[in-house]
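Single-structure report; data block below.
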Number of protein chains: 2
Amino acid sequence: MHLSTVSRVLNGDQSLSIRPETRDRILTAAHRQGYRPNAMARALKRSRTGALAMVVPLLRNPIWAGIQRGALQAAVEGGQVVMILEEPQDDVRPPTDYQYLVEESRADGLLIATSRREGAGRHRGLVVPHVYLNRRGPQPGNNVVMDEDMAMRLFVDHVAALGHRRLGVVDGFKIIDTVHRRAAAVRALCSARGMSVTFEHAEDTEEGGYEAARRLLQRSEAPTAIGVGSLTQLFGAMMALRELAVSVPDDMSLVSFDEDACLRYLEVSVTSVSMPLHELGAAAVRALIERVNGGAGEDLLVSNPLTLVQRASTAAPRSGRRLRR
Amino acid sequence: MHLSTVSRVLNGDQSLSIRPETRDRILTAAHRQGYRPNAMARALKRSRTGALAMVVPLLRNPIWAGIQRGALQAAVEGGQVVMILEEPQDDVRPPTDYQYLVEESRADGLLIATSRREGAGRHRGLVVPHVYLNRRGPQPGNNVVMDEDMAMRLFVDHVAALGHRRLGVVDGFKIIDTVHRRAAAVRALCSARGMSVTFEHAEDTEEGGYEAARRLLQRSEAPTAIGVGSLTQLFGAMMALRELAVSVPDDMSLVSFDEDACLRYLEVSVTSVSMPLHELGAAAVRALIERVNGGAGEDLLVSNPLTLVQRASTAAPRSGRRLRR
DNA sequence: CTGTTAGCGCATTCAC
DNA sequence: GTGAATGCGCTAACAG
């Protein structure tokens with residue numbers, strides 16, 4: 001009984017008929033000695049590393065926790081290790097800059113979760129197995145995104161049902177793919193319902209949210225309900241409302257497009273749209289594994305579970321003049 | 001001119017005297033063909049992967065952004081790749097559960113940033129190169145932590161200078177190493193200054209912060225200044241203050257032990273202690289690289305830059321009865 | 001100073 | 001059904 005037999009047993013080779021006792025002897029011996037197959041050597045032989053690389057923007061945005069967690073879980077189920085690379089926001093690089101990970105065979109495929117849309121023309125496109133996560137890449141076929149359309153529908157329908165007709169949206173710049181899709185969706189929804197909508201795009205920081213909300217509030221025809229693209233911007237927006245003495249929800253309804261536990265604890269607990277972050281991460285990893293295995297690709301739209309978390313920041317628009325305080 | 005020569009040129013072998021033109025020819029050819037050394041094969045030969053694994057708790061706490069960023073930068077400078085593994089809070093595992101990464105040679109060493117202190121006795125200790133980051137491991141020699149003592153000194157001195165004598169602290173459970181060290185530091189500082197201090201330990205969630213703050217406020221001799229261990233707990237604590245109509249800073253001074261941009265934008269902008277997160281991450285990676293190279297180890301205390309960010313949530317304790325609102 | 005060669009640890013093809 | 005042999009891509013120790 002020798003080397004190769006051991007290898008086969010350890011890899012669970014089906015076409016191997018071995019005496020169960022021998023099999024057991026091998027397994028227990030391996031376990032007892034704490035045998036670990038060398039991933040490098042195995043990778044070299046199989047030309048598969050068993051690792052996936054995920055590139056995410058280095059953000060404080062809590063959505064990444066949910067996404068990463070889903071991805072991690074799916075990876076474990078698929079027998080893969082995930083390495084996460086965080087890209088500083090002040091040093092944004094094209095996705096091709098991460099191909100080296102596959103080319104050097106440190107990973108089998110790439111999960112690209114950087115948020116910026118590339119100019120579809122100039123971009124050469126990745127030549128290694130990959131999936132764009134929460135954004136679309138230059139070509140169709142490798143994109144796994146959430147149903148921002150549905151999310152915006154929840155937002156618009158909620159405030160419309162309360163009686164609002166003039167909406168405002170504070171969000172990041174349109175170069176961010178999710179922002180782009182959300183804006184298009186809101187525009188279409190409002191137009192279909194005969195509602196008006198005003199967008200203010202700004203940096204995804206507290207300061208950006210603050211400035212954008214101020215601009216929105218100082219318009220001649222200010223909206224009566226505002227959606228805010230991220231938790232970060234929300235903090236800024238709430239300060240703007242406070243400064244201008246606009247009370248929520250009496251003078252203004254407020255909805256966050258990021259769900260987070262802290263929303264319940266703010267000065268006014270904030271209604272939000274909760275996205276399927278966990279499912280997004282998991283779906284992307286599964287899609288990538290499929291591509292690494294040579295499977296073809298289809299774009300994926302993750303829609304479940306997508307819900308509105310109703311809290312205290314939304315109400316009917318003020319009709320009379322009941323000034324609180 | 002053959003294979004090994006190429007290898008040597010590409011690895012920048014000094015002891016190689018070659019005609020510059022040949023050298024150039026090799027380099028340009030390699031570049032033109034997009035040659036990438038196969039990291040697996042190289043690792044196999046050198047028995048060094050060039051990768052470090054960092055295990056962090058899957059928290060929304062923004063401190064990890066700073067730490068990871070510092071670590072990443074130091075890693076790039078050291079020619080290493082960092083793979084980040086996130087450990088779900090609901091599935092806490094001992095550090096030894098991650099040794100397989102080194103044993104399978106997926107990584108050369110481990111950065112352990114999970115927060116829980118192990119029972120020093122039972123724990124076998126890691127047998128692979130490693131560094132504990134922002135916490136202490138079972139033995140001295142491999143720990144890189146921040147100067148929580150100094151941080152607490154900034155907090156206590158700040159409120160003491162404002163005239164506070166009764167302090168409160170809302171923090172996580174003492175099984176978290178940083179919490180343990182902070183508590184010890186505050187106790188010593190207060191005792192030395194003849195001040196009293198009350199601790200409330202709770203889950204590191206908004207809910208936990210809320211409950212702990214309530215308990216603190218309902219004591220017969222409530223403190224006049226409170227320090228809060230994390231941003232998450234801070235949200236809860238602020239809700240408790242709001243509900244009990246305790247105004248900040250008039251009735252209560254408030255300090256966060258996490259610094260974050262959003263603090264400036266809260267209903268009352270919150271004073272905080274800013275920790276050297278970036279430096280911590282970088283120092284830990286450098287320390288780990290040293291250990292991977294066989295170097296001995298010393299515990300490291302990262303103290304710079306450590307500052308108090310003064311905002312509007314701290315003031316002298318109320319003496320008279322000036323009730324604002 | 002440069003070319004040849006041996007193996008890093010494993011999976012797998014082939015004879016047996 | 002099982003053992004021996006080959007090579008994944010690279011580096012380093014050798015000999016030339």
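Since this is a predicted model, take the numbers as computed values, not measurements. Proteins come first, then strands; the chains are lettered A, B, ... in the order of their sequence lines, and each starts at number 1.
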For Ile84(B), which of Met54(A), Glu86(A), Met83(A) qualifies under side chain to side chain contact (heavy atoms under 4.5 Å, CB included)? Glu86(A)

One character per nucleotide, please: for nucleotides 9-16 of chain D, 5' to 3', B when the base has a protein heavy atom closer than 4.0 Å, S when only the sugar-phosphate does, - otherwise. BSBBB---

Any side-chain heavy atom of Asn134(A) within less than 4.5 Å of one from Glu148(A)? yes

Is it possible for you to check whether Arg36(A) lies under 6.0 Å from the centre of the six-membered ring of Tyr100(B), through NZ or CZ, and within 45° of that ring's axis? no

Using a 6.0 Å cut-off, check whether atom CZ of Arg23(B) has over 12 heavy atoms from anything other than its own residue. no

Side-chain heavy-atom pair His130(A), Leu111(A) within 4.5 angstrom cut-off: no

